[in-house]
Participant: 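Below is one structure. I have some questions about it.
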Amino acid sequence: MIKQAEFYLDKKKRINLARKFVFGSAENMLRNLQYYERTKNELSSEIEDIRKLKEKIGEQNNISNLMAIEGNIRDRYYQSFNKIFPEKFRFDKRTRKPPENMMNCLISFGNSLVYSTVLTEIYNTQLNPTISYLHEPSERRFSLSLDLAEIFKPFIADRVIFKLINKRIVDESCFVKELNYCLLNEKGKRIFLQEYDSKLKTTIKHRSLGRNISYQRLIRLECYKLIKHFFRISEYKPFVIWW
């Protein structure tokens with residue numbers, strides 16, 4: 001915990017880690033869009049915009065500016081969804097509390113699951129979940145899980161959403177809609193949780209380890225990579241989809 005705090009208290013060490021979280025998140029968002037660009041052939045402008053924003057990550061020397069870049073990248077990423085999904089799932093902007101439509105609802109629910117999963121994996125290591133680098137630490141939230149979740153939201157939550165929509169597994173019957181909010185009903189939650197659990201259990205052959213590991217295990221490995229970084233065993237590199 002002392003080593004973890006050291007990297008928060010040292011401004012250069014903190015911003016270095018924060019940049020890596022944003023970079024990993026941006027790279028994984030790009031991988032998702034590149035997949036759909038091969039079939040839709042309509043996302044070149046969004047991909048180029050995100051690439052240009054990604055180039056600015058290394059230039060940021062304070063957290064607020066870095067968060068602004070991250071926000072711009074994510075906004076551009078979400079705007080591309082309207083070119084990917086059917087009209088009934090289109091949305092104008094990201095709304096959270098409460099989500100105003102079906103797409104915002106799916107994103108919020110998926111993100112909350114990733115936060116919880118990341119927190120569970122953190123608890124299985126010696127990391128302190130309240131000491132973070134991109135998000136400001138707070139006694140009232142486990143902010144390190146927010147940092148690491150940035151990397152895994154595109155890879156896990158978003159890909160679950162893509163499958164649920166594109167394969168027509170979810171529809172209007174999975175939601176409760178009121179005047180200014182939209183939430184998943186019990187049927188919708190059950191469907192999403194089943195697909196999310198299946199995604200976590202999916203395995204791939206890890207390039208470095210040479211054996212099959214689950215997507216959930218990738219999150220634990222990310223925690224271990226941070227620990228190695230704190231003890232200067234190896235420089236932390238964020239997880240980026242390679243397949």
Participant: Specify the closest pair of heavy atoms between Ile131 and Tyr8, including all atoms of both residues, with the distance to one decimal.
Facilitator: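 Residues Ile131 and Tyr8, closest heavy atoms: CG2-CB, 4.0 Å.
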Participant: Roughly how far apart are Ile219 CD1 and Ile156 CD1, rounded to 0.5 Å?
Facilitator: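 Spacing of CD1 (Ile219) from CD1 (Ile156) equals 4.0 Å.
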Participant: Sequence neighbours excluded, which residues qualify as salt bridge (Lys or Arg N to Asp or Glu O under 4.0 Å) partners of Arg232?
Facilitator: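 Result, salt bridge (Lys or Arg N to Asp or Glu O under 4.0 Å) vs Arg232: Glu6.
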Participant: Can Arg74 and Glu46 be said to form a salt bridge (Lys or Arg N to Asp or Glu O under 4.0 Å), step by step?
Facilitator: CA-CA 11 Å; Arg74 196 165 292 279; Glu46 289 85 356; over 6 Å; no
Participant: My understanding is that only residues two or more places apart in sequence, or in another chain, count here; which of them pass salt bridge (Lys or Arg N to Asp or Glu O under 4.0 Å) with Glu235?
Facilitator: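 Applying salt bridge (Lys or Arg N to Asp or Glu O under 4.0 Å) to Glu235 gives Lys20.
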Participant: Is it the case that the ring center of Tyr215 lies less than 6.0 angstrom away from the ring center of Tyr196?
Facilitator: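 No, the ring of Tyr196 stays outside the 6.0 Å limit from the ring of Tyr215, centre to centre.
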Participant: Using a strict threshold of under 4.0 Å (side-chain N to carboxylate O), is an ion pair present between Arg190 and Glu186?
Facilitator: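 Judged by the 4.0 Å cut-off on N to carboxylate O distance, Glu186 and Arg190 do not form a salt bridge.
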Participant: So which heavy atom on Val114 is nearest to which on Ala149, and how close?
Facilitator: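 In this case the closest contact between Val114 and Ala149 is CG1-CB, 3.9 Å.
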Participant: Give me each pair satisfying salt bridge (Lys or Arg N to Asp or Glu O under 4.0 Å) with a member in residues 204-227, each pair once, sequence neighbours excluded.
Facilitator: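 Applying salt bridge (Lys or Arg N to Asp or Glu O under 4.0 Å) to every pair that reaches into residues 204-227, excluding sequence neighbours, yields Glu121-Arg220, Glu222-Lys225.
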Participant: What is the minimum heavy-atom distance between Phe85 and Arg90, and which atoms define it?
Facilitator: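 That closest heavy-atom pairing would be O-NE, 3.7 Å.
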Participant: Asp10: which residues meet the side chain to side chain contact (heavy atoms under 4.5 Å, CB included) condition with it, sequence neighbours left out?
Facilitator: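 Only Lys12, Lys13 meet the side chain to side chain contact (heavy atoms under 4.5 Å, CB included) criterion with Asp10.
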Participant: So how far is it from Asp171 CG to Leu164 CG, rounded to the nearest 0.5 Å?
Facilitator: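 One gets 11.0 Å once the value is rounded to the nearest 0.5 Å.
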Participant: Just jot down the side chain to side chain contact (heavy atoms under 4.5 Å, CB included) partners of Thr203, sequence neighbours excluded, or say none.
Facilitator: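 Asn212, Ser214.
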Participant: Does Glu55 have any side chain to side chain contact (heavy atoms under 4.5 Å, CB included) partners at least two apart in sequence or in another chain, and if so, which?
Facilitator: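 Partners of Glu55 under the side chain to side chain contact (heavy atoms under 4.5 Å, CB included) test: none.
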